[in-house]
Amino acid sequence: MNQILTFITDNMIKVARLNLASTLKRFSILIIVAITISLGLNAQNSLLPPFPEIPAKQPLDSVEMGDWQTLPEMILDIPITEGPFEPTWESIEKNYPSEPAWLREAKFGIWVHFGPQSAGESGDWYARNLYKSDHWAYKNHLKRYGHPSEVGYKEVLRDWNPVKLDPAALTKIYEDAGARFLMIQGVHHDNYDLWNSQYHPWNSVNIGPKRDLLGEWAKACRANGMHYGVTFHHEYTWWWWQTAFGSDSEGDMKGIPYDGNLTLADGKGKWWEGYDPRLLYGVDLREYKGVTKAANSGWSPPPAGIFSNHLEYARWYTTQWALRMMDVVEHYDPDFIYTDGTVQGPFTGNGTGTGIKANAMPLVMADYYNRTLKNRGEVNTFSIVKFRHKTNGTVNTEEFGVPANINTNQPWIAEAPVGDWFYAPNFYYDSGMMIRYVIEAIARDGNAAISIAILPDGSIDEGSLKMLKEVGVWMRRNGEAVYGSRAWTIPGEGEIVEGKLKMLPGGKLERRHADFKFDPQDFRFTIGKNGALYAFCMTIPAPGTQVKIKSLGTDANNLEKSVKTVKLLGYNGEIEWNQEADGLVITCPEEMPFATSIVFKID
């Protein structure tokens with residue numbers, strides 16, 4: 001209604017300057033337009049019920065979680081776009097066509113894991129950790145902002161303004177580095193929407209930069225022909241934010257509640273007047289056994305179960321969760337959507353989906369695919385549901401690591417950050433670890449998305465720029481072995497460590513990955529879309545030396561035909577080679593002006 005009154009007031013000033021007849025005519029039109037806006041807003045808001053009454057708090061750790069295995073799944077009452085997809089996993093599996101061809105072609109992407117949590121310069125999960133008095137994020141917050149009972153995360157949102165963020169320029173940088181898709185954060189666990197959110201007031205248009213950041217990224221991607229998806233992490237929010245309801249356990253501020261305990265009424269006369277803190281931090285759920293302990297752990301969710309005293313809140317929460325994703329699908333038309341988690345999906349009653357069981361995920365996916373079909377004429381989009389078992393219509397991820405073996409069970413994307421998911425000082429930048437991470441993934445039939453930390457002001461530092469430029473040089477030289485490729489018979493060969501092929505370690509990409517040593521005997525393989533076999537040597541052999549690829553010897557029986565040609569990508573001359581019983585022996589050129597990895601094309 002405030003939007004309507006503002007619209008009328010602003011325009012009455014204009015029409016009052018006209019003559020009376022013209023004024024009356026224009027004012028009539030104005031009223032019609034206002035009514036139209038009102039009907040649209042009311043129709044939209046009617047999908048989200050009012051925030052429910054929250055029951056009185058019970059003592060900490062006094063309530064048993066409800067039995068998640070026996071509770072029937074909550075069915076959400078949200079209309080979806082018409083089409084063949086219904087809000088069930090069975091319907092999605094039946095109607096989804098196949099893996100989009102563009103994902104197979106793309107292979108390498110950049111993870112745009114950026115939001116206001118970067119402002120703390122404390123790495124991942126800053127918003128949650130600033131409420132832990134023994135955590136370095138808490139100490140950083142005290143220095144930068146103040147005590148979280150007085151200046152909490154909501155003030156971080158207010159002050160965050162990434163003035164140097166230029167999605168158009170960054171998209172071009174990522175494209176030059178060889179990326180063919182972007183994974184763009186829509187909302188993290190902090191529950192702050194990075195778009196002009198229609199169902200959530202705590203967003204980047206209302207608070208902070210006053211910019212539709214997702215809209216800017218989407219525009220930049222379309223201008224550069226870059227595929228992009230939007231990631232949603234807010235299914236964690238209601239248990240993730242429980243630290244904000246605590247207080248210091250010692251010191252001068254002992255027992256003074258953090259700002260998660262504030263109410264809408266407390267905002268009167270303050271900068272956040274009209275913004276309900278419950279819509280950002282959720283509600284206090286620490287009465288359930290295990291919630292407080294989990295909140296103070298490194299990352300663990302509460303025990304499996306149902307927040308049985310808060311079923312009406314759970315319905316509201318899951319409804320808003322779904323509507324926010326559907327809002328992005330409708331207005332930004334992403335090529336894929338992404339949900340976080342460690343179980344079979346959001347709101348499963350266990351693991352990261354603890355608290356309630358609801359059909360929110362298949363409902364969102366059905367709406368997404370029906371809308372894609374309506375707008376594009378085909379379903380060439382997909383949904384990432386992390387850790388879900390093979391399900392037609394979903395894509396999986398491998399966070400931090402890469403599987404030891406080839407995985408053609410379902411499409412998947414290996415994902416890892418350089419340093420951490422959000423910025424902190426002293427990250428180690430090395431193009432070699434990025435390139436080898438991509439190689440390890442594609443050799444096992446996967447894709448790779450790597451996060452490059454963006455600074456709080458929206459820029460990327462010189463170390464990141466240099467690293468990305470070097471990755472781009474390598475990709476342009478060896479791209480035919482990467483884009484559109486698929487796994488060969490085996491992922492690779494080389495040194496065996498404890499019975500397994502030596503490979504790049506898992507975890508965040510940092511100094512130990514840059515220093516990890518491969519030898520000229522370490523190879524990875526792909527089949528290019530042209531049908532050629534590609535062998536990636538995981539290091540640069542000395543000029544003029546010989547390397548032997550044992551898997552390509554005649555006795556290995558891995559090839560249907562004898563080798564006819566061998567070429568070194570990026571080298572214009574002929575190279576000497578010989579296929580012997582125990583391997584394909586290749587003599588490297590006398591000059592090897594390459595970095596990280598060389599690639600042989602074998603026909």
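Just so you know, these numbers come straight off a predicted model, no measurement behind them. All residue numbers refer to positions in the sequence shown, counting from 1.
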Between Arg324 and Asn191, do the side chains contain an N or O donor and an N or O acceptor separated by less than 3.5 Å?
-> yes
Gap between atom OG1 of Thr339 and atom CH2 of Trp321 - 0.5 Å precision | 6.0 Å
Glu576 CD: over 12 foreign heavy atoms closer than 6.0 Å = no
Value for CZ (Phe108) from CD1 (Ile413), rounded to nearest 0.5 Å, stands at 12.5 Å
Salt-bridge present (Glu216, Lys219; N to O < 4.0 Å) = no
Strictly by modelled atom types, are Gln185 and Trp421 linked by a side-chain donor-acceptor pair under 3.5 Å?
-> no
Taking the six-membered ring for Trp, is the centroid-to-centroid distance between His188 and Phe422 below 6.0 Å?
-> yes
Where the side chain of Asp335 meets the backbone of Tyr228, is there a donor-acceptor pair that is under 3.5 Å apart?
-> yes
Run the salt-bridge test on Asp445 and Arg104 with the 4.0 Å N-O cut-off and return the result as yes or no.
-> yes
Does the Glu235 side chain pair with the main chain of Gly353, one donor and one acceptor, at a distance under 3.5 Å?
-> no
Do Val418 and Ile450 touch side chain to side chain, with heavy atoms closer than 4.5 Å?
-> yes
d(Ile110 CD1, Met434 CE) to nearest 0.5 Å is 4.5 Å
Expected output: side-chain Asp430 to main-chain Gly432 donor-acceptor under 3.5 Å | yes
Spell out, as yes or no, whether a donor-acceptor pair under 3.5 Å connects the side chain of Arg486 to the backbone of Thr408.
-> no
Judged by atom type as modelled, is there a donor-acceptor pair below 3.5 Å linking the side chain of His233 to the main-chain atoms of His189?
-> no
Can you tell if the side chain of Val364 reaches within under 4.5 Å of the side chain of Phe232, non-hydrogen atoms only?
-> no
Heavy-atom distance under 4.5 Å between the side chains of Ile540 and Thr596, does that happen here?
-> no
Please check if the side chain of Arg524 supplies one atom and the backbone of Met538 the other of a donor-acceptor pair under 3.5 Å.
-> no
So, Arg512 versus Tyr428: side-chain donor-acceptor pair below 3.5 Å or not?
-> no
Indicate whether the side chain of Tyr534 and that of Glu480 have a donor and an acceptor atom separated by less than 3.5 Å.
-> yes
Would a distance-only check, ignoring hydrogens and angles, find a side-chain to backbone donor-acceptor pair under 3.5 Å from Lys550 to Gln521?
-> no
Are Asn224 and Tyr174 close enough that a side-chain donor and a side-chain acceptor fall under 3.5 Å?
-> no
Please report the shortest heavy-atom distance between Ser551 and Asn558, naming the atom on each side.
-> O-ND2, 2.9 Å
Spatial distance of atom CG (Leu214) from atom NE2 (His331) [nearest 0.5 Å] = 12.0 Å
Search all heavy atoms of Asp190 against all heavy atoms of Pro116 and return the closest pair with its distance.
-> OD2-CG, 3.7 Å
Output the distance between atom CG (Leu501) and atom CD (Glu495), rounded to the nearest 0.5 Å.
-> 9.5 Å
Ion pair Arg444/Glu398, N-O distance below 4.0 Å | no
Phe427 and Tyr423 aromatic ring geometry - parallel, tilted or perpendicular at 30°/60° bounds | perpendicular
Give a yes or no on whether the backbone of Lys386 and the side-chain of Asn396 come within a donor-acceptor separation of less than 3.5 Å.
-> no
Between Glu470 and Ser431, a side-chain donor and acceptor under 3.5 Å = yes
What are the two closest non-hydrogen atoms of Lys548 and Val585, and how far apart are they?
-> CE-CG2, 3.8 Å
Look at Lys508 together with Asp420 and state whether they make a salt bridge at an N to O cut-off of under 4.0 Å.
-> yes
Could you grab the distance from atom OG1 of Thr352 to atom OH of Tyr236, nearest 0.5 Å is fine?
-> 4.5 Å
In this structure, are over 12 heavy atoms from other groups packed under 6.0 Å from Asn578 atom CG?
-> yes
Indicate the atoms forming the closest heavy-atom contact of Ala453 with Ser464, along with that distance.
-> O-OG, 4.4 Å
Could you check whether the rings of Tyr338 and Trp111 sit parallel, tilted or perpendicular, using 30° and 60° as the cut-offs?
-> perpendicular
Sub-3.5 Å donor-acceptor pair from the side chain of Glu415 to the main-chain atoms of Thr397, do we have one?
-> no
When the ring centroid of Trp160 is compared with that of Phe114, is the distance short of 6.0 Å?
-> yes
Taking all heavy atoms of Asn203 and all of Trp195, pick out the closest pair and write down the distance.
-> CB-O, 3.4 Å
Is NZ or CZ of Arg180 both nearer than 6.0 Å to the six-membered ring centre of Tyr483 and within 45° of the ring axis?
-> yes
Please determine, by modelled atom types, if Tyr332 and Asp212 share a side-chain donor-acceptor pair under 3.5 angstrom.
-> yes
Student check: side-chain heavy atoms of Met326 and Leu363 closer than 4.5 Å | yes
Consider only side-chain N and O atoms of Tyr369 and Ser383, and report whether a donor and an acceptor are under 3.5 Å apart.
-> yes
Which heavy-atom pair separates Pro505 from His513 by the least distance, and what is that distance?
-> O-NE2, 3.1 Å
Is a donor on one side and an acceptor on the other found under 3.5 Å between the side chain of Asp522 and the backbone of Asp519?
-> yes
